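One structure is given here, and the rest of the page talks about it.
This structure is a prediction, so every number in the text was calculated from the model and none was measured. Along the sequence shown, the residues carry numbers beginning at 1. Side chains included, hydrogens not; waters and symmetry mates left out as well; all remaining heavy atoms used.
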Amino acid sequence: MSKSLKALGLAVSALALTCLPAAAQTKVTNEGISPTEIVIGTHQDLSGPIKVWGVPVSNGMKMAVEEINAGGGINGRKIKMILEDNGYDPKKAVLASQKMVERDKVFAMIGPMGSPTVLAAQDILFDAGVLQLFPLTAAEFTFKFDPAKPQERLKFNNLLPYVESTRAALKYMMEWKNFKKPCIMHQDDEYGKNVLDGFTQQLGAMKVQPASVTSYKRGASDFSAQVAKMKADGCDLVVLGTVIRETIGAMNEAKKLGWDVTFLGATPTNVLEVPALGKEAVEGLYAASGFEIPYEDTAKGKVKDWLVNYKKMFNTDANTQAIIGYNAVMTFAFYAQKAGKDLSGQKMLDSLESGDKFLDIFSSPPTKFSKTDHLANTITQVQQVKGGRWVLVKDNLMF
């Protein structure tokens with residue numbers, strides 16, 4: 001069967017598929033559901049190279065669970081969340097997923113962290129009929145599914161896809177600044193490959209040859225060779241398929257070399273830690289994003305209250321990662337509530353595919369899935385670091 005990925009209006013839509021054959025049935029578990037409780041699981045990096053993502057994501061999830069339970073739960077059922085540390089290690093993610101499926105009997109896996117870790121563990125979930133919902137990776141394998149494999153119907157994502165967001169941001173920057181020699185430095189894994197694909201696809205559409213393509217191993221801390229190569233190749237725009245410390249490291253290296261070049265980061269670079277930790281080295285960095293980052297001194301209403309409450313709970317400021325974790329659980333709760341009091345795996349799947357919209361408090365694009373679309377509608381923005389803060393440059397971008 002054919003697959004296509006296309007932009008519709010301001011939204012980036014997911015893979016369009018024909019209906020599953022009548023004989024192909026998707027098994028969905030009813031484990032983890034009792035008259036008083038729903039058991040969900042998640043695995044995050046709490047100790048490894050991207051714990052600056054995993055810790056606040058898990059905090060945001062905990063905050064959402066506490067709010068939901070304080071309000072009476074989901075149709076009278078309280079949420080019990082099982083949290084495991086994957087250390088950003090695929091082997092640990094597999095073991096954590098096996099434990100949560102076999103011992104904890106989770107109903108759904110919510111917001112698991114990382115492209116390589118999610119990819120390594122997802123078949124354990126699908127074989128058991130456990131839903132994989134809203135992982136903390138925007139790699140295309142998290143929402144594209146093969147109609148010949150009905151268990152893949154269990155995966156849903158609500159994040160901005162790396163390929164499409166990179167394409168949209170790169171197209172905007174190329175046209176706005178008239179760059180002629182773009183290049184890329186990307187992490188050598190599933191995440192980095194998706195950013196590279198977006199970079200390559202967009203340059204191909206614009207009939208532009210990359211000036212340089214270089215990569216680094218996940219966990220690396222020395223980027224001198226990569227930056228020196230890109231400078232020697234005459235790059236005027238550097239696309240970064242990096243996370244936090246790698247973004248700062250690459251830009252620091254450019255400063256050491258006295259290389260004044262424009263940097264454009266993929267969505268994982270668009271977090272508060274980059275300007276907070278990178279300081280002057282990252283001033284001027286552009287990045288793709290899905291929503292504006294709220295700041296406590298300028299936020300209003302429910303968002304202001306949420307930021308204040310988060311600080312009270314965790315004694316630290318909320319960030320992008322915490323918002324994403326919070327929204328993952330709140331999105332789950334919305335569709336579980338819609339599924340009704342007699343919740344089951346099949347009714348949860350039907351609810352997710354119903355087309356009903358979830359609107360968060362942060363003015364993100366609405367989350368909406370259908371039977372042929374397991375990626376929520378998303379809009380790309382470009383933001384820039386100015387004065388130690390991310391500020392919006394352009395929104396409503398599409399390739």
Heavy-atom side-chain contact between [X] and [Y] under 4.5 Å:
X: Leu170; Y: Leu203; value: yes
X: Thr26; Y: Gln151; value: yes
X: Tyr335; Y: Phe369; value: yes

Electrostatic pair [X]:[Y] at N-O distance under 4.0 angstrom:
X: Lys62; Y: Glu66; value: no
X: Lys99; Y: Asp104; value: yes
X: Lys255; Y: Glu280; value: no
X: Lys347; Y: Asp342; value: yes

Query raised in the report: Would you find a donor on one side and an acceptor on the other, under 3.5 Å apart, between the side chain of Asp45 and the backbone of Trp53?
Result: no
Query raised in the report: Would you say Asn270's side chain and Ala287's backbone share a donor-acceptor pair under 3.5 angstrom?
Result: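 A pair under 3.5 Å: no.
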Report task. Please confirm whether Phe143 and His374 have ring centers closer than 6.0 angstrom. Result -> no
Query raised in the report: For Lys27, does the NZ atom have more than 12 heavy-atom neighbours from other residues, nucleotides or ligands under 6.0 Å away?
Result: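 Yes, NZ of Lys27 has more than 12 neighbouring heavy atoms, counting only those of other groups under 6.0 Å.
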Query raised in the report: Testing Trp176, Phe263, Trp390, Phe179 for ring-ring contact (aromatic ring centres under 6.0 Å, His included) with Tyr286, which one passes?
Result: Trp176
Query raised in the report: Atom NZ in Lys357, atom CZ in Phe334: separation rounded to 0.5 Å?
Result: 10.5 Å
